[in-house]
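Reading through the structure tokens given below for one structure.
Here is how names work: the chains are called A, B, and so on, in the same order as the sequence lines, proteins then strands, and each is numbered from 1. What's counted below: heavy atoms across the whole structure, side chains too, no hydrogens, waters or symmetry copies.
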2 protein chains.
Amino acid sequence: MSDVIFDHKECGSCPIRHRAVCARCETDELEELDAIKYYRSYEAGQPIVWSGDRMDFVASVVTGVASLSQAMEDGRTQMVGLLLPSDFLGRPGRDVAPYDVIAVSNLTLCCFRRKPFEQMMIRTPHIGQRLLEMTLDELDAAREWMLILGRKTAREKIASLMAILARREASLGLGSTENGMSFELPLTREAMADYLGLTLETVSRQISALKRDGVITLEGKRKVLIPDFDRLQIETGDDTDGGLMV
Amino acid sequence: MSDVIFDHKECGSCPIRHRAVCARCETDELEELDAIKYYRSYEAGQPIVWSGDRMDFVASVVTGVASLSQAMEDGRTQMVGLLLPSDFLGRPGRDVAPYDVIAVSNLTLCCFRRKPFEQMMIRTPHIGQRLLEMTLDELDAAREWMLILGRKTAREKIASLMAILARREASLGLGSTENGMSFELPLTREAMADYLGLTLETVSRQISALKRDGVITLEGKRKVLIPDFDRLQIETGDDTDGGLMV
DNA sequence: CGACTCGTTGATGTTTATCAATGATTGTGG
DNA sequence: CCACAATCATTGATAAACATCAACGAGTCG
């Protein structure tokens, strides 16, 4: 049921070919990557690695969503990364995972054995260059997230999360309808709480409040409609104008 | 009084030579960097760039401390980076600053004009490799910080900050005395508040509480003594054992 | 059907923010 | 040199935001 091993697939038809760590690779480089890659799938909710585990691979997310999180001894948990398709998992040169990694939705990874990948990175600047670019983007995202965690109200936090998810959907060319934007929430209330540094009750209450105020509409518990994105943007507390909407 | 332009200095005698973005460069590469570098100094409190400003240079912090922070329209501010000696400022390929950068203490930067630096990065893999390593370290630090912001109590936040600063001092081989560890606080109460997502009053109260409970001792307002680091570590709420004390 | 997960909502409690006063220190101009 | 302003820090009183504890509804799986 779990850990289905996918068949080999061609890089040429890969949905993340042009955004993942291999984005800049030439044909010959792709062939080399091809030789050390293998696919691996997980069902929603399954753990991928635990903090402290040895990790012998790095990977790209092909489909689905994974979370990185840190847990304190008493159970308090903070999500510190949300990996979407094309995002990279693992750190070359490090063999022990510093975070818990969990499949939030059904997930497929394109894995590379770590040692060969590291050796290839030395020979292939395109990989390191792309990884640097992706890591800098992640750092920017982490810093935006720090503002959310440190300074925003519960309502602003929820609005910010909705805006981030809506923008992502839009950047993939999806979700726009005649009545505004829409997307599927990939996270449970508890996962949203761990993302935002709130309790799940507060998440639930604030979602209800935004719904009551007409900022969002729910279809079922997971499908979100944004009738007016500018209105949502105002609720996030962020600059509406000038700022670099990262 | 401000913006003193330092004289040219030799890379060979540079205090951050082996930790900064140039750490892996060979002699000839250093000479090339030398040709595009210039020093620049700022006094404590001075702005270096504002969010939205054009930024035509990247730089290494040589001495002193700088902060990156994000401000909301109503004045709420979150620090999102603290740059210490050897840390890198700026992003190759980006010409507009996304954060306010402020000199927290007196500060000297080793600046490189951005365009020549970017061209050199293409020719010189050592620079990109080192920058990737440093960026990954910063991302780890940002994620530890996210746990602090999202899930720790005010007391744990203060204890965590003290522990981070004490560890840094120790990693430079400084601060250890017969009565434990000591260091100078580089931040005002307000800057600590912006770092930790608190108000300055709460920072002040929690410092007083830790002092009252004997976890720390103050000499003046800025010099901190840690009589028992393990005790402080417990106050941070982090794993005392196992965890990778990053 | 009963157990389980996920989500919602209410009542209450705790933590931290806000507002306000004051002390200590430093720099400035008369 | 002193009076004054300005900055940084501390502490108290009160208010607001969010967490905690608790009950319950809806959907799903065995």
Side-chain angles (χ1 to χ4, degrees), chain A residues 1-2 43-46 72 74-78 102 104-105 148-159 161 184-213 216-224 235 237, chain B residues 1-2 43-46 72 74-78 102 104-106 148-161 184-213 216-224 235 237:
Chain A
M1 199 82 140
S2 61
E43 293 193 339
Q46 280 195 313
M72 295 172 69
D74 59 8
R76 282 176 283 172
T77 299
Q78 177 64 52
I102 295 173
V104 170
S105 66
I148 292 174
L149 288 172
R151 292 304 188 190
K152 291 194 178 180
T153 65
R155 183 181 175 101
E156 288 169 339
K157 285 178 172 181
I158 297 291
L161 175 58
E184 201 77 17
L185 273 177
L187 304 174
T188 65
R189 300 293 185 262
E190 187 181 15
M192 286 188 259
D194 287 343
Y195 186 107
L196 298 171
L198 296 170
T199 59
L200 67 90
E201 293 96 330
T202 299
V203 169
S204 186
R205 275 186 249 270
Q206 295 299 334
I207 289 178
S208 298
L210 288 176
K211 193 169 57 177
R212 196 167 49 243
D213 298 343
I216 62 175
T217 312
L218 292 189
E219 282 178 15
K221 315 219 153 185
R222 292 298 189 89
K223 182 100 187 243
V224 181
E235 293 286 353
Chain B
M1 200 83 141
S2 63
E43 294 194 339
Q46 281 194 312
M72 296 172 69
D74 60 8
R76 282 177 284 173
T77 300
Q78 177 63 52
I102 295 173
V104 169
S105 65
N106 289 342
I148 292 174
L149 288 172
R151 291 304 187 190
K152 291 194 178 180
T153 65
R155 183 181 175 99
E156 289 169 338
K157 285 178 173 182
I158 297 291
S160 299
L161 175 58
E184 201 78 17
L185 273 178
L187 304 174
T188 65
R189 300 293 185 263
E190 187 180 15
M192 288 188 258
D194 287 342
Y195 185 108
L196 297 170
L198 297 171
T199 59
L200 67 92
E201 294 94 330
T202 299
V203 169
S204 186
R205 275 186 249 271
Q206 295 299 333
I207 289 178
S208 299
L210 289 176
K211 193 169 57 177
R212 194 166 50 244
D213 298 343
I216 63 175
T217 311
L218 290 191
E219 283 179 14
K221 316 220 153 182
R222 291 298 189 87
K223 181 102 189 241
V224 180
E235 294 285 355

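- A/Gln206 contributes no side-chain N or O that forms a donor-acceptor pair with the base of D/dC18 under 3.5 Å.
- In this structure, A/Glu219 atom CD and C/dG7 atom P are separated by 17 Å, rounded to whole Å.
- Ranking D/dT20, D/dC18, C/dT16 by closeness to the A/Thr199 side chain, first place goes to D/dT20.
- Taking 3.5 Å as the limit, the base of D/dC8 and the side chain of B/Glu190 contain no donor-acceptor pair of atoms between them.
- When each of D/dT20, D/dT11, C/dA17 is scored by its nearest atom to the side-chain atoms of A/Glu201, the top-ranked nucleotide is D/dT20.
- Closest approach of A/Leu149 to A/Tyr195, counting heavy atoms only: CD2-O, 3.6 Å.
- Applying the 4.0 Å criterion to OP1 and OP2 of D/dT11, one finds that B/Ser204 has every side-chain N and O outside that range.
- Between the CD1 atom of A/Ile158 and the C1' atom of D/dC18 there is a distance of 12 Å, given to the nearest Å.
- Under 3.5 Å, the side chain of A/Arg222 and the base of C/dG7 form no donor-acceptor pair of N or O atoms.
- Nucleic acid contact for B/Gly220: none, since no nucleic acid atom lies under 4.0 Å from a heavy atom of the residue.
- Neither OP1 nor OP2 of D/dT10 sits under 4.0 Å from any side-chain N or O of B/Arg205.
- Protein atom CZ of A/Arg189 is 19 Å distant from nucleotide atom P of D/dG25, rounded to whole Å.
- With a 4.5 Å cut-off on side-chain heavy atoms, A/Leu161 and A/Gln206 do not count as touching.
- One finds the CD1 atom of A/Ile207 at 7.0 Å from the CG atom of A/Leu218 (value rounded to the nearest 0.5 Å).
- Counting to the nearest Å, the C1' atom of C/dT8 and the NZ atom of A/Lys211 are 9 Å from each other.
- Between the CG atom of A/Leu198 and the C1' atom of C/dT8 there is a distance of 16 Å, given to the nearest Å.
- At a threshold of 4.5 Å between non-hydrogen side-chain atoms, the residues B/Lys152 and A/Gln78 do not count as touching.
- The phosphate of C/dA17 has OP1 or OP2 within less than 4.0 Å of a side-chain N or O from B/Thr202.
- Here B/Ile207 lies out of heavy-atom contact (under 4.0 Å) with every strand.
- Regarding A/Leu200, its CG atom lies at a distance of 13 Å from the P atom of C/dT9, rounded to whole Å.
- Rounding to whole angstrom units, CZ of residue A/Arg155 and P of D/dC18 are separated by 11 Å.
- Put simply, the side chain of A/Leu198 does not reach to within 4.5 Å of the side chain of A/Met192, judged on heavy atoms.
- The interatomic distance linking A/Glu43 (CD) with C/dT5 (P) rounds to 16 Å, in whole Å.
- Mapping B/Leu218 and B/Arg151 onto DNA chain D by nearest heavy atom places B/Leu218 closer to the 5' end of the strand.
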